[in-house]
Amino acid sequence: MDERIERRAFLKTLATAAGAVVLVPAVSRCASTVAGVSTAGDAAVDAVPVVPPPGWDPIDFNRVRGNAGAIPQTYLPAINGPDGDKKHLGKHLPYRPTVAADAVPAGYVALMWGDPEKGHARHPNAARDDAAGQLGHWYSWIKVRPAVAGEAEEATSAYSSWPAAGAGDTGAYAVFGDGDITADGGRNTIYLAALPAGVKPGDTVRIWAHCLTHGEYVDFLTL
Ligand SMILES: [Fe+2]
């Protein structure tokens, strides 16, 4: 698991009762607006805004921050290449799929990555395969914070494995269309991520998330 996650104290993880999975949001309070970034120390990497700056462009922002260290060196040719915007950077930006309201537990938000309506590639997911030396491909953590200035509560969801979340994980998965989560290269995977207390429909939140193989990405969504 990412060492940044290990340092976090989670209130509680998953509890199982009567055969049903009960989700309990894990919340951490960050005094710093940029807490959690341990990469490089480059100013461009550390400078993660808490509210969308005027003219916010998540593609440009994540390209700059990625080149400064938030995205692995091996992926930089892809994000900087001719298909970088939609097939690589856009593929890692969050969007909210249309799902039935009762499919999302209270206190959670359903997220997917790579909005096809924007022409972005849909993000695949893959399991770890130690025998093949494959790290796996999924989002290992998602942090959600109200897009407000100053100190605010930030909820962190951790995912230690895919296609099933680990026993101690604070995030969970669902499937878009209720099919097999592994179908279509795992592209129908929905991430159920904890919301900070007090956020409500209409609020804008910052989504800061980490793809195991492709690094960190930041964007804002309105609930
Ligand atoms: Fe990825």
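One-based numbering along the sequence shown. Every number for a ligand or one of its atoms is a count from 1 in the order of the listing.
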Could you report the tightest heavy-atom contact between Lys87 and Tyr75, atom names first, then the distance?
O-OH, 4.2 Å

Should the pair Asp184-Arg122 be classified as a salt bridge under the 4.0 Å nitrogen-to-oxygen rule?
yes

Nearest N/O/S atom of His214 with respect to the Fe ion (ligand 1), by atom name, please.
ND1

With the Fe ion (ligand 1) as the point of reference, which N/O/S atom of His137 is the closest?
NE2

Option passing ring pair (Phe, Tyr, Trp, His ring centres under 6.0 Å) with Tyr139 (candidates Trp208, Tyr191, Tyr173):
Tyr191

Which atom of His123 is nearest the Fe ion (ligand 1), counting N, O or S only? It is NE2

Taking just the N, O or S atoms of His92, which one is nearest to the Fe ion (ligand 1)?
NE2

Is a side-chain N or O of Asp169 found less than 3.5 angstrom from the main chain of Ser160, in a donor-acceptor match?
yes

